[in-house]
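Report on the structure given below.
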Amino acid sequence: MEQDRPDSYSPGAVETKWQQIWEEDGTNRFSPGELRSADAPFYNLMMFPYPSAEGLHVGNIYAFTGADVHGRYQRLTGKQVFEPIGFDAFGIHSENFALKQGINPMDLTPRNVANFTRQLRRIGGMFDWDHTVNTSGPEYYKWTQWIFLQLFNAGLAERKEAPVNWCPSCMTVLANEQVISGLCERCDTPVEQRRIAQWFFRITEYAQPLLDNLAVIDWSDTTIKAQENWIGRSEGATLHFPILVHDDLAGSAPETALAGVGEDIGGAPLISVFTTRPDTIFGATYMVLAPEHPLVDEISSPDQAEEVRAYQEQASKLDLVARQKDDKTKTGVFTGAYCLNPATGKPIPVWIADYVLIEYGTGAIMAVPGHDQRDFEFARVFGLPIPRVVAGPGENADTPLEEAYVGHGTLVNSGDFDGMAWKDGARAIVEWLEGRSLAEAKVNYRLHDWCISRQRYWGPPIPIIYCDDCGPVGVPEKDLPVVLPRVEDFKPDDSGVSPLARVEDWYKTTCPSCGTEARRETDVSDTFLDSSWYFLRYPSTDREDIPMDPEITKRWLPVDCYIGGEEHAVLHLLYARFITMALKDMGHLDFEEPFVKFRKHGLIIREGAKMSKSKGNVIVPDPIIEEFGADTFRLYLMFLGPFAEGGDFRDEGIQGPFGFLHRLHGTVASAIASDTERAAPDPAVERKLHQTIKQLSEQLPNLQYNTAIAALMEYLNAVRAGGRKATRSEVEDLVVLVAPFAPHLAEELWDRLGHEGSIFDGANWPTFDAEKAADDTIKIAVQVNGKLRGTVETAAGSEQDAVVALAKAQENVTRHLAGSAIRRVIFVKDRLLNFVVG
RNA sequence: GCCGGGGUGGUGGAAUCGGUAGACACAGGGGACUUAAAAUCCCCCGGGAGUAACUCCCUUGCGGGUUCGAGUCCCGCCCCCGGCACCA
């Protein structure tokens, strides 16, 4: 009641008022003409949310607020800031939730989007609502399909067999994120692998450029590192081991059988392996193929064939579960076949084991038990020889091996190569084998091709038509989009294909090239494809005829600043880079890196604990905004820790920023009311103001928000110190400095200060005067032997002699100097004086 | 196991190039105003000792080292968080 005084701060009223004004004025929105003509464009991007039924998560708000603060700051410095938001509405999450609720995702998604939109407007982000995107809308996924076709036409999309996660209990295909420790997330049944034909994007073709460009983009270090590891370049060699056929060995010892092979082994079939350690080849005492390796059937001897098949079967079933167990003992089966170690000239047995992965390298290894821990363990289990071929520091050819020595060293037991350093040895051995066509240098990447097929309903249909005569044919561009039909029975089933395969009148079609009867692809594409290009679409949503308006794209892209969570450090950010690069190579774009600058934000925890629905400790934003207002919420989120690292949301802590905004409001209101200027500016306040402007101007571009807010608080404290009344000139700049964090209140105060229009259009980011920011007197620490014994206050820039004199005038200092000689004096101007005595 | 990021008061967190550790807040305590409460304002607030303004000692996960001086640099540990995980 007494709160109704005309100058009291009522966040709800202020925020409703300004949100309405922004809405009506179309502030923060660009017309197509403005997009074309912007002379200082700044594309401010944040990772768009998946519109869940629960509503906006505080983590989303944290990210968006941090990004919005940056956007608003850029705008105050004179940039035209394009800040769009959209909805990543397709995908497994939406589909699963829809399944659980028994609601069709086509009905559920618009509801969630409406709720998200309401919440997003309420937090006061300056989103351009005329350029929003919804990945599940045909006007958007038409172009997602178009991108697929571009890659298809360029030979970057290929169809091949690959394993999918299969839950035998739910009888359905699972996405990787639905497999928890090898178990189905819903029923805890061990997941099996099934092989089906799927579409892959050949991102591995781009492994090297994706790696190289990491050096030229301005990204958070941790994100760069994560991508480097994910791409996983390793240098080594492919080595070829000739296979000895069983007949060669029949009735004779392996050594004898080899005699016939002699020097000339050119014609023998080969097993190829990749290794980063060709220097250890003399220690390769056996070989291992992945159970799925294509040569297994061919080389297995008849008497081993049954055992081999049993092992393969077991491996394919338990694959995923087994690989999650790190302390699992090694298993494997001998195939009955032998290879020739081309370095030693000796036959070595060929095994199969599930510790060798079919998807990496060649799917086969030369096992060097002396110098690889996995091979060592395997050799121990099966009693295979473990020779030493590398000697580390203090070791020699005969030093026993208690475990694998995986370090580098000098070659031993390696014939002519003995005594060479590992690197020289590796090079020499590869050259030697190269001469016999048994080796070549090779770079391998950990990165796999990107499987984009999903045997699911809620995604963009892959725009391919299968024709018996023509094979897979791309849907012609004029027929896009291939509209996802409304299907009431969208539950995946045991067929292993998408629910769309049950909609006959949808998938039955004719071949675009020969006109005969044909069938549509019934899988949909990965959600990550939707999100790999949305930032390209935002500025061009006014165009229905093309995906990207060339003129607008040239002006606004690449993105100036992208802010998002570290959880997308690899997949999303790598896919977006890949798609951009590929589109550039096809001539659709003229840049290859989509995000000039990327900054990750941290995670919000609550009261020291991770938030989770099961713990019931999630922060629900709406009631907080209701009680304290969006400005306070924003300010608190930015204040509770470094933006890049996140922070701990303590419920009581919000009182700090809440009180700050109240005091700010009151201070400005009373400055306006009294409207008297001082005869001369208060030097202490003026200095503090310039120091604050300086600090914010340095910290805001770097997203160092928590300390910037602390500086604003300090300044307001200085203005109000001792009950002092502020003047208009002392608070005008402050209102601008606060505006990125608390835009509604800033608009209100700017208006009350008598300015026309929005603060974000009318105000300029203040500049600081270095002279006015400089302190004229300075406190200098005085130490004796490094211990603080006093401080002296003196003019800035004072020389040593003057400071020493002042220091020696202090009783406490002289007391500590008494009785011993001064050996040395350390003087750091404007900082400290240290007497070294003794 | 590997790769990142951390460990500072009761709490969240500050601290530039190695230069006064604990900015700014929260919580707590005391006081002013008030019939009262809320709100607001003022003061105190790492630990210990000497009972005065004050002075001294200890203190940034642990143990060493470099230095006039270390939260910060170096070496060796411990613990926590995130990611990857048999990648040859």
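These numbers were taken from a predicted model, which means no experiment stands behind them.
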Could you check which of [options] has an atom nearest any side-chain atom of [X]?
X      : options             : result
A/V828 : B/G19, B/G12, B/U20 : B/G19
A/N717 : B/C24, B/G19, B/U20 : B/C24
A/D354 : B/A27, B/U20, B/C86 : B/C86
A/I826 : B/G12, B/G19, B/A88 : B/G19

### Message
Using a distance-only criterion (donor-acceptor N/O pair, under 3.5 Å, no hydrogens), is the base of B/C81 paired with the side chain of A/K610?
### Response
no
### Query
Does any non-hydrogen side-chain atom of A/F658 lie less than 4.5 Å from one of A/E627?
no
### Query
Between A/L637 and A/V58, is any pair of side-chain heavy atoms under 4.5 Å apart?
yes
### Message
Categorize A/Q783 for me: base, sugar-phosphate, or nothing, with a 4.0 angstrom heavy-atom threshold over every strand shown.
### Response
base
### Query
Reckon A/P642 touches a base, only the sugar-phosphate, or nothing at all at heavy-atom distances under 4.0 Å?
sugar-phosphate
Which pairs would a plain distance check flag for residues 779-787 of chain A, meaning a side-chain donor or acceptor within less than 3.5 Å of a matching protein atom at least two apart in sequence or in another chain?
residue : atom : partner : partner atom : Å
A/N785  : OD1  : A/V837  : N            : 2.9
A/N785  : ND2  : A/V837  : O            : 3.4

### Any donor-acceptor N or O pair under 3.5 Å, side chains A/Q691, A/D775
yes
### Task
Give every residue pair that meets the side chain to side chain donor-acceptor pair (under 3.5 Å) criterion with at least one member in residues 714-724 of chain A, sequence neighbours excluded.
A/T667-A/R720, A/D682-A/R724, A/K688-A/E714, A/R724-A/E730
### Message
Strictly by side chain to side chain donor-acceptor pair (under 3.5 Å), give each pair with a member in residues 822-831 of chain A just once, sequence neighbours left out.
### Response
A/E799-A/K829
### Query
Quick one: stems for RNA chain B, with Watson-Crick or G-U pairs under 3.5 Å, at least three in a row?
B:1-7 with B:78-84, B:10-12 with B:24-26, B:28-32 with B:40-44, B:46-50 with B:54-58, B:61-65 with B:73-77
### Message
Taking the cut-offs as 6.0 angstrom to the six-membered ring centre and 45 degrees off its axis, would you call A/K330 and A/Y355 a cation-pi pair?
### Response
yes
Pairs under 3.5 angstrom, nitrogen or oxygen only, protein versus nucleotides 2-9 of chain B, please.
residue : atom : partner : partner atom : Å
B/C3    : O2'  : A/N229  : ND2          : 2.9

Could you pull out the protein-nucleic contacts involving nucleotides 56-59 of chain B (nitrogen or oxygen on both sides, under 3.5 Å)?
residue : atom : partner : partner atom : Å
B/C56   : OP1  : A/R789  : NH1          : 3.3
B/C56   : OP1  : A/N812  : OD1          : 3.4
B/C56   : OP1  : A/N812  : ND2          : 3.3
B/C56   : OP1  : A/H816  : NE2          : 3.2
B/C57   : OP1  : A/R789  : NH2          : 3.2
B/C57   : OP2  : A/R789  : NH1          : 3.1

